[in-house]
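To keep things clear, I will list the structure first and then write my remarks on it.
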Amino acid sequence: MTIIDGKLISQQIKDELKEKTALLKEKGVEVTLAVILVGEDPASQVYVRNKKKACEYIGYRSLSYELPATTSQEELLKLIDELNNRKDVDGILVQMPVPEHINEKAVIDAIDPAKDVDGFHPMNVGALCIGEKGFVSCTPAGVIQLLKRGLPSDYSISGKECVIVGRSNIVGKPMSLLMLRENATVTVAHSRTKNLEEVCKRADILIAAVGRAGMITADHVKEGAVVIDVGINRNADGKLCGDVLYDEVKDKAFAITPVPGGVGPMTIAMLMNNCYEAALMHNADLLK
Ligand code: NDP
């Protein structure tokens with residue numbers, strides 16, 4: 001059984017980006033990410049801090065906007081508009097969730113799709129859907145990298161039965177489109193799915209993205225399956241855990257991601273990758 005090491009793979013990706021970023025700098029291009037946080041949600045503060053740290057590690061410039069929870073939607077949209085128009089800004093990230101008086105969709109729609117490094121804008125989601133170039137949501141993009149880098153080199157996603165549990169806009173749905181792009185045969189399960197156990201058991205690759213501690217048991221898993229656990233939960237003892245009952249599933253799986261240390265670290269690595277891609281796109285003339 002292989003434990004897919006997300007910490008290691010995310011570090012590899014960040015190191016590759018660090019090298020490529022140094023080369024860009026020699027050509028006069030600096031990658032810049034603008035991060036906006038509205039309010040003082042402690043979890044969001046940690047996420048934002050980690051994103052800024054990753055920028056620093058790779059050699060990106062990060063601009064930080066920490067706005068009070070009382071910021072109006074109009075003020076936030078005005079800031080986004082300013083950043084959209086700044087030539088020196090490659091990526092714009094608004095840390096979600098935003099306070100309740102701000103409409104999340106209005107915020108996502110306001111970001112220039114060419115700077116939408118989270119990959120949430122309808123233009124980027126649409127591009128993914130019809131197989132065009134665009135920014136892909138970071139967590140599902142990270143799962144693809146785990147499958148490509150964390151499994152033996154002769155393992156191929158093509159033709160595999162893939163079951164994704166969860167159909168959210170940021171994980172389940174884009175995950176299904178990415179697995180289709182990789183030529184897997186894809187089933188998406190959700191809260192109305194009947195006989196979840198049987199559906200999951202069909203999977204050569206099972207991806208759990210629900211947010212329910214330990215809901216995927218050994219009974220859901222086919223012998224020799226690859227199991228990817230996107231869930232981040234706390235169990236009864238307050239310990240971080242995934243959607244997969246790791247201890248019993250690991251003995252049946254061919255490969256599995258742990259929580260923590262699996263999908264989690266990949267999200268920031270893929271965000272960093274999107275920032276790099278954004279800078280390449282914005283400086284295409286200079287880099288010719
Ligand atoms: P959402 O709550 O938006 O979506 C959960 C999905 O699970 C829904 O599609 C829902 O179905 C489905 N679901 C709920 N209950 C069941 C059930 N009993 N059986 C089958 N399906 C069910 O969550 P997210 O997609 O945002 O996140 C999922 C998990 O991934 C969370 O634990 C989150 O913390 C984690 N996460 C981790 C990230 C990382 O970096 N590792 C990044 C993003 C999320 P329905 O649509 O029918 O309601």
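Ligands are counted one by one from 1 in listed order, and the atoms in each one are counted from 1 as well.
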Worksheet, complete the sentence: Note: heavy atom closest to atom 8 (C) of ligand 1, options M270, R167, M96, belongs to R167
Item to complete: Of the side chain and backbone of M266, name the one, both, or neither that has a heavy atom under 4.0 Å from an atom of ligand 1.
Response: neither
Item to complete: May I ask you to decide whether E182 forms a salt bridge with K148, counting only side-chain N to carboxylate O separations under 4.0 Å?
Response: yes
Worksheet entry | atom 5 (C) of ligand 1 - nearest protein heavy atom and its distance | V210 O, 3.4 Å
Item to complete: Of the side chain and backbone of V165, name the one, both, or neither that has a heavy atom under 4.0 Å from an atom of ligand 1.
Response: side chain
Discussion item. Could you check whether Y57 and Q11, counting side-chain N and O atoms only, form a donor-acceptor pair closer than 3.5 Å?
Written reply: yes
Using residues 34-45 as the side-chain source, report each donor-acceptor pair under 3.5 Å to any protein atom, sequence neighbours left out, with the distance given to one decimal.
unit_1	atom_1	unit_2	atom_2	d
D41	OD2	S44	N	3.1
D41	OD2	S44	OG	2.8

Worksheet item: Within 45° of the ring axis of Y60 and under 6.0 Å from its six-membered ring centre, is that where the NZ or CZ of K18 lies?
Response: no
Discussion item. Checking a contact table here: which protein heavy atom is nearest atom 27 (O) of ligand 1, and how many Å away?
Written reply: V171 CG2, 4.4 Å
Worksheet item: With a 4.0 Å heavy-atom cut-off (strictly under), which part of T267 contacts ligand 1: side chain, backbone, both or neither?
Response: side chain
Worksheet item: Would you call E19 and K25 a salt bridge, using N to O less than 4.0 angstrom?
Response: no
Worksheet entry | Sub-4.0 Å heavy-atom approach of A189 to ligand 1 | no
